[in-house]
Amino acid sequence: MIEEWLEQMKNQVNTLEELKKYINVSDDEREAIETLKTKWGTTPYFASLMDKDDPNCPIRKQVIPSLKEQINEYGMENYLVWKENRATEEIRPDSIARQYHDRVAFTVMQVCGIYCRHCFRKELVVDRDLQLNFDVEEGLAWIAEHPEIRDVLITGGDPLLLSDEKLEYLIAKLREMPHIEMIRIGSRLPIVLPHRITEGLKKAIGGFHHVPVWINTQCNHPKEITEKTAKAVYELMSCGINVGNQAVLLKGINDDVDTFRELHQKLLRTRIRPYYVFYCEPAPGIDHFRTPVEKGAELIRDALRGHTTGLAQPMYVLATNIGKIPLMPDYYIVDKNKKEYTVRNYKGEITKIPKMPD
Ligand SMILES: *Cc1c(COP(=O)(O)O)cnc(C)c1O
Ligand code: SF4
């Protein structure tokens, strides 16, 4: 019998006819699907979470192409070459993106469970304009030869779409390298295809080991989380895998105080620890998803810090070609003099502490 997650992948919703089984497609959506030459699609499971009648449904906006994708006033051309430092002198396989001394991103896959309309890797994953060669053996060989790498971030596409056998092989190979201390997997599947968390997967990547596996998923709106998500996350944790979230700040989807707070509280209720919120990157064709850069810090100030559990607070970052840059709110220190600091809390209340000499 074919596993349910493979069945879901086989039955991807990626035609107008299929989509009509889930929602009343709007005229704009229909026109975008018929005219844009772009890859799109979703698992039937994630499609079933869409609102039938509301084109502003946060899931519809992440899944269904929009005519706005043709507009590119602010996006950078050749974004990924800039972002992933592919134009530098160090010779690396295409599969290895490097911005730091001790850790790399290792791309092993170009296929995804859904093709997010806001994806910053769109040139590669969605529109396929950029042709790169993702050879897993070549990447593994490069990592083996670089003892300064202690942390490998397996990414894609969606790496959890590899078979259990391939994942087991990949993780085992990395765990054999004496310099690898931890492995991270970036995958949207716990959200868009929780059926992927099977006993076979748990066996392939879980278990007690001195090289732990962390999964970071991407969830951008509370509506994306279901009972199935909660069960899948629990299964991952039950075999020693930590689960975190990397959200993207998306205009009209999660950039208001109530949604932003509910997203982070619901993640914790689901046992997912918020890790990052990313500024929506200046990749081409996604202007309509992008807010001013200050927005994320304002939301942390107005929706999270002090307003809810401290564990619910992610770090807001701008991902650039020189690494991630934190952009946290900085309202805390109001004043300082030779004797004391004046500090402010989330309610605007003020208190003072003595200043220490160096
Ligand atoms: C995001 C990223 C990392 C990991 O950064 P952390 O801040 O450690 O999560 C590493 N390498 C590249 C190329 C990245 O884009
Ligand atoms: S799952 Fe990730 S890589 Fe794939 S389209 Fe979405 S954001 Fe891009």
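Counting starts at 1 for both ligands and their atoms, in listed order.
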Does Asp151, backbone or side chain, put an N or O under 3.5 Å from an N or O of ligand 1?
no
Sole residue of Val136, Asp135, Leu167 in side-chain contact (heavy atoms from CB on, under 4.5 Å) with Val108:
Val136
Atom 8 (Fe) of ligand 2 - nearest protein heavy atom and its distance:
Cys119 SG, 2.3 Å
Polar-atom distance check: Arg103 versus ligand 1, any N or O pair below 3.5 Å?
yes
Report yes or no: is the cationic atom of Arg184 (NZ for Lys, CZ for Arg) under 6.0 Å from the centre of the six-membered ring of Trp214, at an angle within 45° of the ring normal?
no
What is the closest protein heavy atom to atom 2 (Fe) of ligand 2, and at what distance does it sit?
Gln218 NE2, 4.2 Å
State whether Phe120 and Lys83 meet the cation-pi test: NZ (Lys) or CZ (Arg) under 6.0 Å from the six-membered ring centroid, and within 45° of the perpendicular axis.
yes
Return the residue, atom name and 0.1 Å-rounded distance of the protein heavy atom closest to atom 9 (O) of ligand 1.
Tyr275 OH, 2.6 Å
For atom 7 (O) of ligand 1, what is the closest protein heavy atom, and at what distance to 0.1 Å?
Tyr276 OH, 2.5 Å
When you check the gap from the basic side-chain N to the acidic O, do Glu34 and Arg30 get nearer than 4.0 Å?
no
How close does the nearest protein non-hydrogen atom get to atom 5 (S) of ligand 2, and which residue and atom is it?
Cys116 N, 3.2 Å
Among protein heavy atoms, which lies nearest atom 12 (C) of ligand 1, and at what distance?
Gln99 OE1, 3.8 Å
Suppose we measure from atom 13 (C) of ligand 1 to each protein heavy atom; which comes out shortest, and what is that distance?
Ala97 O, 3.6 Å
Shortest protein contact, atom 5 (O) of ligand 1 (heavy atom only)
Lys324 NZ, 3.1 Å
In terms of heavy-atom contacts, Phe106 and Leu140 come closest through CZ-N, 3.8 Å
Is a donor from one side chain sitting under 3.5 angstrom from an acceptor on the other, for Tyr279 and Thr291?
no
Test the Lys336-Tyr341 pair against the cation-pi criterion, namely NZ or CZ under 6.0 angstrom from the six-membered ring centroid and within 45° of the ring axis.
no
Any link between Leu189 and Leu153 through a network of hydrophobic side chains (Ile, Leu, Val, Met, Phe, Trp, Tyr) touching at under 4.5 Å?
no
Atoms in ligand 1 flagged as close to Arg184, the criterion being non-hydrogen separation under 4.0 Å:
4 (C), 6 (P), 8 (O), 9 (O)
Cluster overlap Leu268 with Ile241, hydrophobic side-chain contacts below 4.5 Å
no
Does Cys112 put an N, O or S atom under 2.8 Å from atom 4 (Fe) of ligand 2?
yes
Short version for Asp158: what comes under 4.0 Å of ligand 2, heavy atoms counted, is neither
For atom 4 (C) of ligand 1, closest protein heavy-atom neighbour
Leu153 CD1, 3.3 Å
Parallel, tilted or perpendicular: rings of Trp142 and His146 (30°, 60°)
parallel
Does Lys83 reach ligand 1, in the sense of a heavy atom lying below 4.0 Å from it?
no
Quick one: does Thr155 get a heavy atom under 4.0 Å from ligand 2?
no
Below 4.0 angstrom from a heavy atom of Tyr100, which ligand 1 atoms are there? Numbered from 1 as shown, please.
3 (C), 5 (O), 10 (C), 11 (N)
Taking all non-hydrogen atoms of both residues into account, name the closest pair between Arg196 and Asp164 and its distance.
NH2-OD1, 2.6 Å
